[in-house]
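Each remark here refers to the structure printed beneath this line.
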Amino acid sequence: MKNKQIAEIFDQIADILEFKGELVFKINAYRRAGRAISELAEDIEDLWREGRLGEISGVGKGLQEKIGEFLTTGQIAELQELAQHVPSGLFELLSVQNFGPKTAALAFKELGVETLTDLQRVLQDGSLAKLPGMGAKKVENIRKGLEFRLSAEERLSIGLVVPIVDEVVAYLKKVGPKIGRLSPAGSVRRGRETVHDIDLLAETDHGADVIKAFTDMPEVTQILGAGDTKGSVILNDRVQIDIRAVPAESFGAALQYFTGSKDHNVHLREIAKKLGYKINEYGIFANDKKIGGDQEEAIYEKLGMSWIPPELREDRGEIEAAQQGHIPQLLQQEDILADLHVHSVYSDGQLTVAEMADAVRARGYRYMAFCDHSRYANYANGMDEKRLLKQIQEIKALNSKMKDFVILTGCEVDILPDGTLDFGDEMLAQLDFVIASIHSGFKTNPTERAIRAMQNPYVDVIGHPTGRLISRREGYDIDVNAIIQEAAKTGTALEINSYWDRLDLSDVNAKLAIDAGVKISINTDAHHPEHLPMMRYGVATARRGWATKGDIINTLTVDELKKWQKRNRIRT
DNA sequence: GCCGTTTTCGGCCCGACTGTTTTCAGTCG
């Protein structure tokens with residue numbers, strides 16, 4: 001897919017136009033189109049071939065031509081042209097906080113600053129400070145921004161951020177003066193797989209006191225700003241947290257406003273304007289008279305639509321759906337009855353079968369499946385048939401002693417480089433549940449191998465189908481559409497692996513699969529009880545993919561699962 | 001550059017904080 005590349009080019013064009021001081025509306029048009037394209041579920045090349053580029057919101061005639069140009073020639077002439085008279089490292093430079101397009105243009109014109117290294121130099125030798133409008137504080141803020149930019153990762157995985165959010169929320173509830181409702185907002189609330197920073201919203205009549213408690217937190221290593229209603233800090237030199245303090249009568253409006261996404265909000269405010277309303281973080285207003293703001297639901301209601309779950313707020317059609325009352329009842333954590341991919345000491349898990357089963361049961365699930373690695377995965381202490389048979393016996397013995405909880409026998413069987421499975425059908429037939437995964441030979445026909453695995457009637461699920469690791473690698477060179485088509489054809493489920501660094505399928509791919517009628521299995525792939533709570537990230541990812549309860553096999557009871565499998569296994 | 005149940009031209013979402021200003025521009029979200 002070239003979606004990301006094209007989105008990035010539009011964003012770069014916007015950066016350059018901004019640097020040049022062009023009309024802000026033109027700049028925004030490029031940014032908006034870029035975001036819409038990067039959020040697109042479908043392959044933009046397909047849309048282009050089918051003449052459907054105009055369906056992308058914010059993409060008009062001019063940008064359609066540019067997309068066509070890129071897909072035909074591999075470049076966009078306008079970008080090459082524009083890039084000639086701007087700093088070579090412009091996009092990096094603009095990623096430095098407090099160093100915006102105006103300052104960048106000034107530093108380029110007067111001092112020849114083209115790269116981050118140049119910026120570092122002019123900060124050190126004092127030449128930046130001598131430019132007009134550059135006071136000591138401004139220069140210091142740019143220096144801090146550069147420092148943070150050089151040390152921090154671009155985006156943080158949700159699994160690293162959510163525990164921090166939970167801690168900060170707990171801390172503020174304890175020490176924060178007179179805080180009522182306190183909620184994450186922004187991309188954390190939307191359940192995105194990675195986030196740039198953390199947004200919090202506090203209900204209070206004592207904003208300044210709350211902001212002070214916030215900036216006084218022990219983990220704060222830098223205060224970026226602190227007013228009566230807004231504070232911004234960096235925690236442990238790593239992650240930025242912003243907080244907004246609002247009175248009760250504005251909390252709902254502020255929650256809506258700060259949850260975003262930007263495109264979702266812009267779209268909403270356009271609708272509001274047409275209806276004669278104004279929305280801001282303090283409420284929804286008709287002729288300067290406030291008609292709502294305490295509850296988030298009221299904002300949507302006044303705009304003539306149903307409430308939209310935060311995970312859907314990306315302006316990918318959810319607003320139109322809400323206007324028509326077509327927002328589906330999304331999957332909820334409580335719908336999940338089982339974790340179907342858990343490891344034990346039989347392969348690379350850290351606890352015994354009994355210990356791990358206790359931990360899973362303690363989370364309130366009704367049943368589970370152990371899917372330890374097969375022998376080919378010897379780096380993970382993969383089981384041979386003998387050990388797997390022993391595990392089956394152990395699980396049977398445990399089941400006979402347990403009430404109200406069932407352990408399914410299973411295996412995460414390796415898809416071998418030649419496309420066959422690590423165990424034969426005789427072995428697989430003895431298992432309740434089978435996940436097939438690729439763990440090696442990522443570059444050796446992964447698509448064909450996964451397709452062949454799905455054609456095996458005993459394979460229920462393809463584990464972590466695209467093989468990506470969010471912080472480390474792109475994933476296999478796999479044709480996701482082909483995988484989805486075969487999954488639909490064979491009745492095989494695809495996994496959303498909830499491990500924070502995987503979230504594979506991604507939300508976008510999950511939506512494609514669900515739209516094609518493919519069932520999804522959401523699992524933690526837990527090797528330790530600490531991993532079990534990560535189910536929430538998998539659920540959030542599924543919700544972002546518009547998943548309902550009916551799309552997810554983990555919501556089935558054991559009997560229903562068996563029925564689903566039987567249908568599944570009858571196929572040829 | 002996009003877009004239309006007030007518009008095919010003339011709009012385009014809205015506000016907080018900071019610093020360097022002597023009334024506001026720049027940056028950010």
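If you're wondering where the values come from, they're calculated on a predicted model, not measured in any experiment. Side-chain atoms are counted along with the backbone in the values below, which use heavy atoms only and exclude waters and symmetry mates.
Only the C1' atoms considered, B/dG1 is 15 Å distant from B/dT8, to the nearest whole Å. Between the C1' atoms of B/dT7 and B/dC12, the separation comes to 12 Å (whole Å). As rounded to the nearest Å, B/dT6 and B/dC2 have P atoms that lie 23 Å from one another. With both ends at atom P, the span from B/dA25 to B/dT20 equals 16 Å, rounded to whole Å. Nucleotides B/dG15 and B/dG10, compared at atom P, are 26 Å apart to the nearest Å. The P atoms of B/dG11 and B/dC17 are separated by 31 Å, rounded to the nearest whole Å. Across the P atoms, B/dT27 and B/dT21 are found 15 Å apart, a figure rounded to whole Å.
Looking at heavy-atom distances under 4.0 Å, A/Arg244 makes contact with sugar-phosphate atoms alone, never a base. Across all strands, A/Asp228 comes closer than 4.0 Å only to sugar-phosphate atoms, never to a base (heavy-atom distances). Among the protein residues, A/Tyr257 comes within range of the nucleic acid bases, having at least one heavy atom under 4.0 Å from a base atom. Contacts of A/Ala226 with the nucleic acid, taken as non-hydrogen atoms under 4.0 Å apart, involve only primed sugar atoms and P, OP1 or OP2. Within 4.0 Å of A/Gln240, counting heavy atoms only, lie sugar-phosphate atoms of the nucleic acid but no base atom. Nucleic acid contact class of A/Val96 (heavy atoms, under 4.0 Å, all strands): sugar-phosphate only. Using a 4.0 Å heavy-atom criterion, one finds that A/Ala136 contacts the sugar-phosphate atoms exclusively. A/Asn141 comes within 4.0 angstrom of the backbone, heavy atoms only, and of no base. Contact annotation for A/Ile279: backbone-only contact, meaning every heavy-atom pair under 4.0 Å involves sugar-phosphate atoms and none involves a base. Using a 4.0 Å heavy-atom distance criterion, A/Tyr30 is classed as a sugar-phosphate-only contact.
Counting heavy-atom neighbours within 6.0 Å of A/Glu530 CD, excluding the residue itself, gives a total of 12 or less. In A/Glu8, the CD atom is not crowded: 12 or fewer heavy atoms of neighbouring residues, nucleotides or ligands sit closer than 6.0 Å.
With B/dC28, B/dT27, B/dG1 as the candidates, the nucleotide lying closest to the side chain of A/Gln97 is B/dC28. Here B/dT27 is the nucleotide among B/dG1, B/dT27, B/dG29 with the atom lying nearest to any side-chain atom of A/Lys102. Ranking B/dG29, B/dT27, B/dC14 by closeness to the A/Asn280 side chain, first place goes to B/dC14. The nucleotide whose nearest atom lies closest to any side-chain atom of A/Lys138 is, among B/dG19, B/dG1, B/dC14, B/dG19.
Atom NZ of A/Lys262 and atom P of B/dC12 are 15 Å apart (whole Å). One interatomic measurement links the two molecules: CD1 of A/Ile198 to P of B/dG29, which rounds to 14 Å at whole-angstrom precision. Between A/Tyr282 atom OH and B/dC14 atom C1' the separation is 11 Å, expressed in whole Å. Regarding A/Glu18, its CD atom lies at a distance of 16 Å from the P atom of B/dA25, rounded to whole Å. Spacing between atom CD1 of A/Ile13 and atom P of B/dC2 amounts to 11 Å, rounded to whole angstrom units. In this structure, CD1 of A/Ile271 is placed 17 Å from P of B/dC12, rounded to the nearest angstrom. The separation between A/Ile56 atom CD1 and B/dC3 atom C1' is 16 Å, rounded to whole Å. One atom, CG of A/Leu82, and another, C1' of B/dG1, lie 13 Å apart when rounded to the nearest Å.
Residues A/Gln256 and A/Asn265 have side chains that bring a donor and an acceptor to within less than 3.5 angstrom of each other. For the 3.5 Å distance criterion, the side chains of A/Asp125 and A/Ser127 qualify, holding a donor opposite an acceptor. When only modelled atom types and interatomic distance are considered, A/Thr541 and A/Asp507 share no side-chain donor-acceptor pair under 3.5 Å.
Between A/Arg143 and A/Glu140 there is a salt bridge, since a side-chain N of the basic residue sits under 4.0 Å from a carboxylate O of the acidic one. A/Arg49 and A/Asp46 are joined by a salt bridge, as a carboxylate oxygen and a charged side-chain nitrogen come within less than 4.0 angstrom of each other.
OP1 or OP2 of B/dT27 has not a single side-chain nitrogen or oxygen of A/Asn98 nearer than 4.0 Å. For the OP1/OP2 pair of B/dC17 and a distance below 4.0 Å, the side-chain nitrogens and oxygens of A/Thr229 include at least one atom meeting the criterion. Between A/Ser232 and B/dC28 there is no side-chain N or O to OP1 or OP2 distance below 4.0 Å. An OP1 or OP2 oxygen of B/dG1 is reached within less than 4.0 angstrom by no side-chain nitrogen or oxygen of A/Gln64. An OP1 or OP2 oxygen of B/dC14 is reached within less than 4.0 angstrom by no side-chain nitrogen or oxygen of A/Tyr277. Note on A/Lys26: a side-chain N or O is less than 4.0 Å away from OP1 or OP2 of B/dG1. Within the structure, a side-chain polar atom (N or O) of A/Lys273 is placed less than 4.0 Å from OP1 or OP2 of B/dC12.
Classification of B/dT5 as anti follows from a glycosidic angle more than 90° from 0.
Taking the side chain as every heavy atom from C-beta outward, A/Leu255 and A/Thr259 approach each other to under 4.5 Å.
Of the residues near DNA chain B, A/Leu23 and A/Lys137, the one whose nearest nucleotide (by heavy atom distance) lies more toward the 5' end is A/Leu23. Mapping A/Phe99 and A/Ala29 onto DNA chain B by nearest heavy atom places A/Ala29 closer to the 5' end of the strand.
Figure legend. B/dT27 is base-paired to B/dA16; pairs are counted as Watson-Crick or G-U wobble with both atom distances under 3.5 Å.
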